[in-house]
Number of protein chains: 2
Amino acid sequence: MFELSNGNIFDVNHPPVPMERLIAQLKALANPKRLQMIHLLMEGVHCNCELGDALEMAPNLISHHMSILRDLGLVEMERDAVDARWVYFSINEAALTRLNQDFSAFFAPERIKPRRPTCGPQGAVVPMSEIAVT
Amino acid sequence: MFELSNGNIFDVNHPPVPMERLIAQLKALANPKRLQMIHLLMEGVHCNCELGDALEMAPNLISHHMSILRDLGLVEMERDAVDARWVYFSINEAALTRLNQDFSAFFAPERIKPRRPTCGPQGAVVPMSEIAVT
DNA sequence: TAGATAGTTCAAACATTTTTGAAGTATATC
DNA sequence: GATATACTTCAAAAATGTTTGAACTATCTA
């Protein structure tokens, strides 16, 4: 166990964040359309049709991508109180904050440990750039 | 144009980070095996065979995933100076830092703007939880 | 109550990624 | 010089993800 400069506890063999949750989050984000949707929702609440207009996508596709982001908890859905056919999508700030925490806990540069090749001839290592190009 | 509480400049319609770069990074990270590889490299330098042993993967698969992370700039490769058949992989700290910057610039909770449904009957909005379940 | 509206669900088509297995490269050892 | 080692490259198979198009639900309006 180690204590990092940022105060996090770090255990060798165990990542600082549950892998499953991080993977689920990254997979949901690793899509251009969903990233654009998130960008739009950061700007303010949008209904299905607004997102579809902005991104030139059919309403069923919007629904599909929103359900992926909703499963993640990152997006929330509300119905219009006057006309319940309309739904409004928005970002869940708490989920977004946790996403940022998970990401930076795993990818924190402070976690990088000094070189330690435990395999091979253990010889001195020379950067690729110093090797002649054939 | 806006200035956010964190000092970043933010322009409506334009994300705070190039979308292509962010997508490329997220796609490369959204894979359980590559995430585990990154985790191992955070712990220290590893050669191809060490990664293969740890993750129970064939060497050609390690090569393949490493090339994806190398294309991203996130992983660097060196050859052993004594026996050049061995290669060592490590994390590029500068790239990791930029990754963190890109991520938090895009997903910063401060970017969330107040609700503004520009579509639909503009009626009062009621949370899903208050709607009777059928 | 009939028709329109806003959105969701489903299954199949399509596209992209990942894995597999074989062949190839470069270096080192016998 | 022949063989072994450490790794890479390639092409095809398998697995996943995305889009399409049609059918469906719920709500509102005339």
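- Checking D/dT19, D/dT18, D/dC7 against the side-chain heavy atoms of A/Lys33 singles out D/dT19 as nearest.
- The CE-P distance, from A/Met37 to D/dT18, rounds to 11 Å in whole Å.
- Between the CE atom of B/Met66 and the P atom of C/dT19 there is a distance of 13 Å, rounded to whole Å.
- One can place CG of A/Asp80 at 17 Å from P of C/dT5, the figure rounded to the nearest angstrom.
- The residue among A/Ala58 and B/Val87 whose nearest nucleotide of DNA chain D lies closer to the 5′ end is B/Val87.
- Closest to the side chain of A/Asn31, from the set D/dT18, C/dA6, C/dA28, is D/dT18.
- At whole-Å resolution of the value, CG in A/Asp83 and C1' in D/dA26 are 11 Å apart.
- Partner of A/Leu29 under the side chain to side chain contact (heavy atoms under 4.5 Å, CB included) criterion, chosen from B/Ile23, B/Leu29, B/Leu26: B/Leu26.
- Here D/dT18 presents its P atom at 10 Å from CE of A/Met57, a figure rounded to the nearest Å.
- Rounded to a whole Å, the CG atom of B/Asn60 is 16 Å from the P atom of D/dA12.
- Across all strands, B/His65 comes closer than 4.0 Å only to sugar-phosphate atoms, never to a base (heavy-atom distances).
- Side-chain proximity of B/Trp86 to the nucleotides D/dA6, C/dT27, C/dG7 is greatest for D/dA6.
- Between C/dG21, C/dA26, D/dC7, one nucleotide has an atom nearer to the side chain of B/Cys49 than all others, and that is D/dC7.
- The separation between B/Arg85 atom CZ and C/dA28 atom C1' is 4 Å, rounded to whole Å.
- Between the side chain of A/Asp102 and the backbone N or O of A/Val17, no donor-acceptor pair lies under 3.5 Å.
- Here the side chain of B/Asn48 pairs a donor or acceptor atom with the backbone of B/Pro59 at under 3.5 angstrom.
- Ranking D/dC7, C/dG7, C/dT20 by closeness to the B/Leu61 side chain, first place goes to C/dT20.
- Judged purely by atom type and a 3.5 angstrom limit, A/Arg34 uses its side chain to pair as donor or acceptor with the backbone of A/Ala28.
- A donor-acceptor pair is defined here as one N or O able to donate and one able to accept, closer than 3.5 Å; no such pair exists between the side chain of A/Asn31 and the backbone of A/Lys27.
- For the pair B/Arg34 and C/dT17, the criterion of a side-chain N or O lying under 4.0 Å from OP1 or OP2 is not met.
- Put simply, CD on A/Glu56 is 12 Å from P on D/dT20, counting in whole angstrom units.
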